[in-house]
There are 2 protein chains.
Amino acid sequence: MNHKPLLDYIHKYINLTLEEQTILLSKIIHRKYLKDQYIVQQGDICKSANFIISGCTKTFYIDKEAQEHIVTFSIEDWWTSDLGSFITQTPADFNVQCLENTELIQFTFDNLEELYAEIPKLERLFRKIVERAFVASQKRIIKNFSLTAKERYLVFKQTYPKIEQRVPQYMIASYLGITKEFLSKIKSQLSYDK
Amino acid sequence: MNHKPLLDYIHKYINLTLEEQTILLSKIIHRKYLKDQYIVQQGDICKSANFIISGCTKTFYIDKEAQEHIVTFSIEDWWTSDLGSFITQTPADFNVQCLENTELIQFTFDNLEELYAEIPKLERLFRKIVERAFVASQKRIIKNFSLTAKERYLVFKQTYPKIEQRVPQYMIASYLGITKEFLSKIKSQLSYDK
DNA sequence: AATAGATGTTAATCTAGATTAATACCATTT
DNA sequence: AAATGGTATTAATCTAGATTAACATCTATT
């Protein structure tokens, strides 16, 4: 099993001794999902925080009009979960579904609590991870308010250049909060600009 | 100086010994701001995380069209800062300004780093605080996409009943991402419904 | 009590983006 | 090669919310 991406990632934030690495590796679950499988389902309790080794997921919400709204795409070297459900162990608001075959490392709620007890430094790691995620989330709120759909699309392309090639346009439209038809219009406008 | 609200707040998440409390209190700054004063200014480096003892602040962003967009209101028993600027010690994207005379407790970046070293449990505290803030932020993104302006206004009133009475309507409109004129229309529509 | 400055309302008009619907373009599968 | 299902484009029409502007209230200050 390939743990290197996880350990490399962790070492960007904190240092772990070999012994600590062993403890950590003993409490994780390596798991593979196929394209279209669900990692978390709205209404279920989210049992794990998931670090992606390879693949791609979308985190989305189905509203009362049965409309799908994508909150995040996640790829290699990033996390995917319904954090709200995970930390409170209450039913999830979101779904997490694989857009490609996806290989990931799971931290279950109980294992993670044990890890915090055995390796207190991990509190620091996850504090820093969540801080960064929170900051990105706040910036997204601002962008949604202060930018037009076209501007948001351009920012998205620039910020996540790898994602656009990997997911269908109608999902990008959902992420941007617009219809697929309007995204198509934006793209044709942009092609005239050139 | 009144530290009780802070200690009560902390004890909802972790337990501190008396000795730890003393260390913590030795590294905080008690400070009062007047209405309209700035705690953080866009472009400056945010030097503190601030716990509000009394008063009210708005966190906002000025876009390139000089439009103000309010991200959050904060009141007693909650935090206010530009976390992105604070954690990376780079120029702030946001302004934090007092809407009332405000009394708060400041954790400077350096003092907080020292506190993490002396009381590692605080990593856990701040991990949990930021987790909750992140979850609230994600939910707000979803609401902005899936609800109409009228629905968002009703959710706002329900979620933050104390805030509406304390801040002018045009700021609530800014928080909701609509114009003050449109909020006024929504309110008159709602008054007919009754 | 009159003026000024900040806040709130109402109404007319305008526009970014939604909705609907028709059509086209793929990959697979049979 | 034709049929099926998922994806993308285009165009006509529609609507939630923005813009503009005139007017109303409510302080607070001189």
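Just so we're on the same page: letters track the sequence lines, and every chain starts at 1.
In this structure B/Lys12 satisfies the salt bridge (charged side-chain N to carboxylate O under 4.0 Å, His left out) test with no other residue, sequence neighbours excluded. Applying the salt bridge (charged side-chain N to carboxylate O under 4.0 Å, His left out) test to B/Glu103 and every residue at least two apart in sequence or in another chain returns nothing. With sequence neighbours excluded, no residue satisfies salt bridge (charged side-chain N to carboxylate O under 4.0 Å, His left out) with B/Arg152. Applying the side-chain hydrogen bond (donor to acceptor under 3.5 Å, both in side chains) test to B/His3 and every residue at least two apart in sequence or in another chain returns nothing.
In the 5' to 3' direction, nucleotides of DNA chain C lying under 4.0 Å from heavy atoms of chain B begin and end at C/dT7 to C/dT10.
Annotation: the span from A/Thr108 atom OG1 to A/Lys47 atom NZ amounts to 10.5 Å, rounded to 0.5 Å.
Residues A/Phe145 and B/Gly177 approach most closely at CE2-CA, 3.4 Å, considering heavy atoms. The two residues B/His69 and B/Asp63 come nearest to each other via the heavy atoms NE2-OD2, 2.7 Å.
Following rounding to the nearest Å, B/Lys185 (NZ) and D/dT20 (P) show an atom-to-atom distance of 16 Å.
Sequence order on DNA chain C of the closest nucleotides to A/Leu183 and B/Leu183 puts B/Leu183 first from the 5' end.
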Quick one: do B/Phe109 and B/Ile45 satisfy side chain to side chain contact (heavy atoms under 4.5 Å, CB included)? Show the steps, please. CA-CA 11 Å; B/Phe109 184 79; B/Ile45 289 170; over 6 Å; no

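Shown for residues 167-181 of chain A: residues whose heavy atoms fall under 4.0 angstrom of DNA chain C, namely A/Gly177, A/Ile178, A/Thr179, A/Glu181.
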